[in-house]
Structure formats: structure tokens, C-alpha cells
A.B. asks: 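My structure is below; once you've seen it, I'll send some questions.
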Number of protein chains: 2
Amino acid sequence: MHKRGIGWPRRPAPAGEAGGEEPDITEDRLIPEATVARLPLYYRALLEIADQSTTVSSEQLAELAGVTAAKVRKDLSFLGSYGTRGVGYDVEHLVREVSRELGLTHDWPVAILGVGNLGRALANYRGFSARGFRVVALVDTDPATVGTRVGDLAVEPVEALPALVADRRVAIGVIATPAESAQAVADRLVAAGVRAILNFAPTVVVVPPGVSLRKVDLATELQILSFYQQHDRRTRDAARV
Amino acid sequence: MHKRGIGWPRRPAPAGEAGGEEPDITEDRLIPEATVARLPLYYRALLEIADQSTTVSSEQLAELAGVTAAKVRKDLSFLGSYGTRGVGYDVEHLVREVSRELGLTHDWPVAILGVGNLGRALANYRGFSARGFRVVALVDTDPATVGTRVGDLAVEPVEALPALVADRRVAIGVIATPAESAQAVADRLVAAGVRAILNFAPTVVVVPPGVSLRKVDLATELQILSFYQQHDRRTRDAARV
DNA sequence: CGGTGTGAAGCCTTTCACAGCA
DNA sequence: TGCTGTGAAAGGCTTCACACCG
């Protein structure tokens, strides 16, 4: 078992927004991006089911995660063959494998850049800590905001970023600044050694190869909904990748 | 020109999360979902460029939107052939066409459900109003929150939802409740006649066919970044669809 | 039996490359 | 000449369907 599929992609070759090429380095069995994007859904579903059952079928997991059973099986087959035919998957084992794969056994300290409405909300958002992401630094450029407290963190000036990143081992930067400042902040993050960025600012941010970037654009989401309203079509599964 | 491509999909058949089938109704030239998801990017880019130039090439637009020029041309060819060979696209004209296609010439009043940290931040978020989405109602179940004001809106009890939706013509519901309440709130929205929902709660929400649903899960985004950190791969373009 | 694991098929999306037009 | 518009090719993802095994 676990033969590494033909008829299933081998090398998604993910390209950073900066879009440079680079030689293939990493391990053999590469998990497709679409699958990676669904692992958090499975993880969430598995935690929900954990105190109700010790095993789970692809069918059940699919329902809880809001996807199809075939997808679940294909996706999970990538982590290895952890299911038992005729029975299903062992929930506990699967939780372990998925969280290992997602890197949730590590600690990834988060810094939030830009402490306006959104930044403050993110800093207080329980969903982050609930899923193991600790916010360890808040940064802003506005002198009036610097020094104020949000929860038990003080807002620091952006000049302190390199020290903060180093001292607190910041692994992920969350950009919650206005669009105009986003690129500059991203550059500072990268310069400070941060290699993963989540951008909430409604603008394109470019990062060098080797830095991961994802974006969330709230107004864009509404505009997409608006399109489908206007056209009497439904949005799809919203799988988001 | 404008021959409606072979070698380019005809019927994306978008399925709601509820996943029911339904007969094809709508218009002829169907815009692929991937294209729809990029229209907001082009729209943003076009507004940026509008006061610098009257025309724009696919190359320039691609750079500003963070995509490839081939994509821009393919995507725009769907709205009709609005470019001029050897010159590019007329910015003003394109803005008009894209915003018409996105339904931005209409008004889509927004209700926010759940006025916690996130809900409050969304209510104050300038990015919504800046792009023409007016927040017209705030709803919460907590008696302590109901009656308080956020900006110039009072928080209303969830029982008032049907009246609010009717009176204020709410077209889009934004769910910012805890996971436990999300499905119930979605059901109420649907019952009240809302046919577009943006879900921020970290849980699967099911809606009947005919209702559009998109989701934004903040912790999921961090987990995806975590995966790529752990695996020394980069996230891709983060195109998000 | 029941449910996983997976080739194969089909579909959608991206990319290529160039004909054709202003 | 320069850039759009678009067939065609390539790539990736989803779905199907069933062999296989506990």
C-alpha cells in the first residue's frame, strides 16, 4: 500500500507571489495544495468527533468537513494509508498524523502588524489561541497607538520589529495595516527573517521566493457574493485555497 | 470577435455547500468561477491606475493585480472584447464593465451577525464602505450587547432579523458568531430571505440551493502557512477562490 | 459486508503561442 | 509594430467506480 499515485499530481510546484523559479529540493511524497488547504477542515472535524467515537468513516468525515467522501479518501491517502478497510479511520491516530503534517506540534508565534480595528480584533480573537497560535507581538507605526495595551501585550513601534522577531521567535506575520503600508511592512517582516505572512490589507503584496504568503480580502469576498447575486448563480463550496 | 470559446469551459455548474442539483437556467456566456474570483482584483487595480493613465495593457494590469498577463486577457475576454490590439484596454470603460459585472452598480446592504471582537471590527472596517458595501444592521443574541451602539448603529436582537432584512433590504449576511451559533444564525438569515452569506465562524455551515455561501477561516489560514513552513515549501499565489 | 485505496476518466484552469487587428 | 483575443496543449483537481482487504 501507499504506492504514490499515478493519475494524481506529483509536483504542484507552488510559486510564491514573487514568482521566481527554484529547483526542487524537498521530500518525495508531495501533498497537493488543494489537499493541504483541506487538512485544517479535517483537523477541525476530527477534534469534534473525538469525544463521540474512536473511528470515523470517510463518509462521516466528509459530512463534518463539508466535502465529498472521495476527496477525504484521496486526501488522507496522501498522509499514508491510515484507514482500515471495512472500518474507517482511527480518530486519535488521524488527529496525530494530520496535526503533525500541519506542523501543529510546533509552536508558531504570531506578530500582528497594524493595530487598528482589525488588528485589535485579531489580537483578541480566541480562534487563534484556541488552535494553538500564540500572538506574541503587536506593532504599529502610529505614536498614539504605540505603548497602549491590548490584552496583555503592549503595542511596539515598528522599529522594534527585528528585535521582537528574534526574541520572541516570531514565525508568522499578520498584516492588518491600511493598503498603503502593507508592502513596506511585509518588507520589514521579511528583512527580520519572517517567512510566513498572512495579509489582510486590500492590496497586492510581493515577497521573495522562500516566503509564504496568503491573503484574506474581506471586500473581495463581498464582491464575489455580489457577482453571484447579480447573476443568479450560487457560489461554490467556497473551498478557498 | 467574441466567439465564445471552445477549449474554455462552458458550464462551471457551481454547487452550493448544500450541494443539490438544479437545472441550468441562466444566461449564455458563463464566466468561470476562477475568473469571477479575480474580477475584484482587477477592479482594485483599475481604480489605482485610473488617475495615472487612460489605457492599460494586460501586462500592466497583471502586475498590479498580482497575476499573469495571459490570465488577464483570458479573463477579460469573458466580459467581451473590450481591448484594442496594439494599445490595451480603456481604463474607464473597463472599470465600468467590471463593476457592472460584479454588481457593484447595485447596492447590497450588509448585516453583521454576532457583535463580538470580530463583528465589531467588521462593523467599523472602512474597507467595506470604501468599496460600496454599507453595513445596515448589527445583530446579537447576548442581552448585554443588544442595545449598545457601534458607530451609528444600535445592536438589535436576533428576533428582529426578519424585520431588519425586510426594512433595510439586507442582501448579504456576515456571520461573526462563535462556531456553535453559526448554523442557527445562517438558518435564520435564509428564512428571512437573505441569499448571500459570508461565514467567519470556524465551522461548516450548510445552506439550501440558491443561497451563496463563502467562508473565511482565520485559523485555517494560519494552519496552511504552518504546513508550508514545516515543509519548506512556499504557499502559492494564494489566489483564493 | 463495508469501507478504504486508487487507477482512470473527465473537468476546470492555466499556460503557451501566435494569428489578426488597430 | 504592439498587444489583444483565442485555439490548443498542458497541468491539476475532482469524481467515478471498483478491486481489495479487514
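In what follows, every chain begins at residue 1, and chains take the letters A, B, ... in the order their sequences are listed.
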A.B. asks: Separation of A/H93 atom NE2 from C/dT4 atom P, in whole Å?
C.D. replies: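 Roughly 15 Å, once rounded to whole Å.
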
A.B. asks: Can you confirm whether more than 12 heavy atoms, excluding those of A/Q60, are under 6.0 Å from its CD atom?
C.D. replies: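 Yes - once you tally the heavy atoms of other residues, nucleotides and ligands closer than 6.0 Å, there are more than 12.
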
A.B. asks: In this structure, are over 12 heavy atoms from other groups packed under 6.0 Å from A/Q230 atom CD?
C.D. replies: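 Enclosed.
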
A.B. asks: Could you state the atom-to-atom distance from OH of B/Y82 to P of D/dT6 in whole Å?
C.D. replies: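 Computing the B/Y82:OH to D/dT6:P distance gives 12 Å.
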
A.B. asks: Below 3.5 Å is the cut-off: list the nitrogen or oxygen pairs between protein and nucleotides 1-3 of chain D, distance only.
C.D. replies:
unit_1, atom_1, unit_2, atom_2, d
D/dG2, N2, B/G86, N, 3.4
D/dC3, O4', B/G86, N, 2.9
D/dC3, O2, B/G86, N, 3.4

A.B. asks: Rounded to whole Å, how long is the line connecting atom NZ of A/K74 with atom P of D/dC18?
C.D. replies: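 To the nearest whole Å, that distance equals 15 Å.
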
A.B. asks: Rounded to whole angstrom units, what separation is found between the CD1 atom of B/I31 and the C1' atom of C/dC12?
C.D. replies: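 Computing the B/I31:CD1 to C/dC12:C1' distance gives 16 Å.
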
A.B. asks: Report the distance from atom CG of B/L76 to atom P of D/dT6, rounded to the nearest whole Å.
C.D. replies: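 Between P of D/dT6 and CG of B/L76: 12 Å.
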
A.B. asks: Looking only at the side chain of A/T68 (C-beta and beyond, no hydrogens), which of the listed nucleotides D/dT15, D/dG5, C/dT6 gets closest?
C.D. replies: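 Output: D/dT15.
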
A.B. asks: If you round to the nearest 0.5 Å, how far is CG of B/L198 from CG of B/L113?
C.D. replies: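 If I round to the nearest 0.5 Å, the distance is 11.0 Å.
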
A.B. asks: Write down the distance between CG (B/D75) and C1' (C/dT15), rounded to a whole number of angstrom.
C.D. replies: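 In whole Å, C/dT15 C1' and B/D75 CG are 13 Å from each other.
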
A.B. asks: Just how far is it from atom CD1 of A/I172 to atom CD1 of A/I112, taken to the nearest 0.5 Å?
C.D. replies: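 Between atom CD1 of A/I172 and atom CD1 of A/I112 there are 11.0 Å.
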
A.B. asks: In whole angstroms, how far is the P atom of C/dT4 from the CG atom of A/D90?
C.D. replies: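 After rounding, the reported distance stands at 13 Å.
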
A.B. asks: For the CZ atom of A/F133 and the CD atom of B/Q223, what is their distance to the nearest 0.5 Å?
C.D. replies: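 Those atoms lie 5.0 Å apart.
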
A.B. asks: Tell me: NZ of B/K71 to P of C/dC12, nearest whole Å?
C.D. replies: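 Interatomic distance, NZ of B/K71 to P of C/dC12: 18 Å.
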
A.B. asks: Quick one, A/H93 with A/Y89, criterion ring pair (Phe, Tyr, Trp, His ring centres under 6.0 Å). Give me CA distance, side-chain angles, the key distance, then yes/no.
C.D. replies: CA-CA 8 Å; A/H93 184 203; A/Y89 302 88; 9.8 Å; no

